Protein chains: 2
Amino acid sequence: MTRQRAAILQVLRSDKCHHTAEEIFDLAKEILPTISRATVYNNLKALEDEMLIRRIVTEEGGARYDSSYIPHGHLFCSECGGIFDFTIPEFHKAIEGAADCVVDSYELKIRGVCSACRKNA
Amino acid sequence: MTRQRAAILQVLRSDKCHHTAEEIFDLAKEILPTISRATVYNNLKALEDEMLIRRIVTEEGGARYDSSYIPHGHLFCSECGGIFDFTIPEFHKAIEGAADCVVDSYELKIRGVCSACRKNA
DNA sequence: TAATAAATCTAGAAACATTCTAAAATGTGA
DNA sequence: TCACATTTTAGAATGTTTCTAGATTTATTA
């Protein structure tokens with residue numbers, strides 16, 4: 001656990017956003033001004049291997065990082081641009097039946113309108 | 001509908017693979033040797049806007065193209081590397097309830113072992 | 001058919017996110 | 001402290017996708 005890795009974890013856990021690598025780099029620089037991009041990428045990869053964070057890929061192809069590794073769904077709101085977490089109970093079993101497979105992990109992305117934006121409309 | 005676009009659609013519909021843009025470019029070149037990369041990308045984007053094909057992004061961040069636009073799940077087999085389609089009946093309603101949202105589209109990616117690989121093991 | 005306009009294509013340059021490389025810095029155990 | 005392994009840094013390199021400018025094709029009208 002180096003200072004650099006601690007700074008990256010601190011950034012990830014400071015709020016509930018799902019940041020891009022570049023955003024994490026910028027925020028980590030506020031803590032450690034000399035940190036380099038490669039260090040951010042290396043540590044994000046290491047943290048994902050250690051199952052401490054999860055990398056999620058948006059529909060556009062860019063990566064974002066989730067401070068939790070536990071599999072859950074992500075709602076990408078088309079109104080506010082927010083990314084919201086949710087879980088479906090018994091989801092593993094449902095998709096194992098539908099896909100006829102043993103599920104190691106899953107990533108469910110929804111494009112839609114979140115309840116807050118729906119109420120404001 | 002130009003010859004180029006027809007060639008790209010022909011490649012996409014010739015088999016059940018989920019090709020990358022580069023693979024589609026190479027295969028389209030066998031039909032139209034002078035076709036350019038930008039044409040392939042432009043047409044893939046146009047075809048997705050027209051809801052004739054669907055772009056899916058892998059866990060690694062690379063894009064692959066599905067010859068069907070109808071939303072369905074994708075199983076990425078960790079043994080054979082194949083990408084397999086599947087559907088879950090009533091899935092829209094289930095995730096709308098769990099995520100408290102109105103679903104426009106979804107993309108469900110599973111990492112696991114397909115039934116064929118499971119039988120061979 | 002000829003002239004014109006609009007859309008599309010091509011080739012290569014540019015942009016972007018990510019990975020690699022080699023050297024410098026840091027941490028660890030004897 | 002010394003040697004060794006690990007990590008970091010800065011910038012170059014890579015791979016994918018987009019942009020650009022000019023050429024080609026297609027469609028339209030006379």
Side-chain angles (χ1 to χ4, degrees), chain A residues 1-12 17-67 74 76 81 83 107 109 111, chain B residues 1-12 17-67 74 76 81 83 107 109 111:
Chain A
M1 177 62 66
T2 62
R3 284 175 303 134
Q4 286 81 0
R5 175 171 302 196
I8 291 165
L9 269 178
Q10 184 184 325
V11 167
L12 281 162
C17 290
H18 298 77
H19 291 296
T20 63
E22 194 67 20
E23 286 164 0
I24 295 165
F25 175 50
D26 289 338
L27 292 165
K29 266 196 294 197
E30 293 176 10
I31 302 169
L32 287 174
T34 65
I35 198 169
S36 86
R37 220 178 293 268
T39 299
V40 172
Y41 278 99
N42 288 342
N43 275 293
L44 288 172
K45 191 163 291 181
L47 288 166
E48 210 205 347
D49 288 345
E50 292 162 21
M51 300 186 175
L52 291 173
I53 66 173
R54 185 177 286 275
R55 171 190 162 97
I56 59 179
V57 180
T58 69
E59 244 173 66
E60 293 75 35
R64 289 179 174 272
Y65 292 86
D66 193 318
S67 58
H74 290 106
F76 294 75
I83 304 177
E107 163 68 5
K109 291 196 298 253
R111 181 71 56 176
Chain B
M1 175 61 66
T2 61
R3 284 175 303 133
Q4 288 81 357
R5 174 170 304 198
I8 291 165
L9 270 178
Q10 184 183 326
V11 167
L12 281 162
C17 290
H18 298 78
H19 291 295
T20 64
E22 193 67 22
E23 285 165 359
I24 295 165
F25 174 51
D26 288 339
L27 291 165
K29 267 197 296 196
E30 292 177 9
I31 302 168
L32 286 174
T34 66
I35 198 169
S36 86
R37 220 178 294 267
T39 300
V40 172
Y41 278 97
N42 288 342
N43 275 293
L44 288 173
K45 190 163 292 180
L47 288 166
E48 208 202 351
D49 289 344
E50 292 162 22
M51 301 187 175
L52 290 173
I53 65 173
R54 184 177 287 275
R55 171 190 163 97
I56 59 179
V57 180
T58 69
E59 246 173 66
E60 293 75 35
R64 288 179 174 271
Y65 292 86
D66 193 318
S67 58
H74 291 108
F76 294 75
I83 304 176
E107 164 66 7
K109 290 196 298 251
R111 181 71 56 174

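Since this is a predicted model, take the numbers as computed values, not measurements. Because only heavy atoms are used, hydrogens play no part in the values below, and waters and symmetry mates are left out as well, while side chains stay in. The sequence lines fix the lettering, A, B, ..., with proteins before strands; numbering per chain opens at 1.
- Here D:dT16 presents its C1' atom at 13 Å from CD of B:Glu23, a figure rounded to the nearest Å.
- Look at A:Gln4 and you'll find a side-chain N or O under 4.0 angstrom from OP1 or OP2 of D:dT9.
- Counting only distance, with no hydrogens or angles, the side chain of A:Lys109 and the backbone of A:Val57 share a donor-acceptor pair below 3.5 Å.
- For the pair B:Ala63 and B:Thr2, nearest-nucleotide mapping onto DNA chain D gives the more 5' position to B:Ala63.
- With rounding to whole Å, A:Ile24 atom CD1 is found 13 Å from C:dA17 atom C1'.
- In this structure, the CD atom of B:Glu60 is 16 Å from the P atom of D:dG15, given to the nearest Å.
- Counting any heavy atom pair closer than 4.0 Å across all strands shown, B:Thr20 reaches no nucleic acid atom.
- Using a 4.5 Å heavy-atom threshold, the side chains of A:Ile53 and A:Arg55 count as separate.
- What separates CZ of A:Arg37 from C1' of D:dT14 is a distance of 15 Å, to the nearest Å.
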**Request:** Would you check, one step at a time, whether the test side-chain hydrogen bond (donor to acceptor under 3.5 Å, both in side chains) holds for B:Thr58 with B:Glu60?
**Result:** CA-CA 5 Å; B:Thr58 69; B:Glu60 293 75 35; 3.2 Å; yes

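- With hydrogens and angles disregarded, a donor-acceptor distance shorter than 3.5 Å links the side chain of A:Arg64 to the backbone of A:His18.
- In this structure, B:Glu50 atom CD and C:dT8 atom C1' are separated by 13 Å, rounded to whole Å.
- Inter-residue side-chain proximity for A:Met1 and A:Leu9 is flagged as met; some heavy-atom pair is nearer than 4.5 Å.
- Look at B:Tyr41 and you won't find any side-chain N or O under 4.0 angstrom from OP1 or OP2 of D:dT18.
- In the set D:dT9, C:dT10, D:dT26, the nucleotide with an atom closest to the side chain of A:Thr39 is D:dT9.
- Distance CG (A:Asn42) to C1' (C:dC20): 10 Å, rounded to an integer number of Å.
- Phosphate proximity of C:dT10 to B:Thr34: present, with a side-chain N or O under 4.0 Å from OP1 or OP2.
- Between the CZ atom of A:Phe25 and the P atom of C:dA17 there is a distance of 12 Å, given to the nearest Å.
- Here the C1' atom of nucleotide D:dT16 and the CG atom of B:Leu44 are 13 Å apart, to the nearest Å.
- For B:Lys45, the side-chain atoms get nearest to D:dT18 when compared with the rest of D:dT18, C:dT19, D:dA10.
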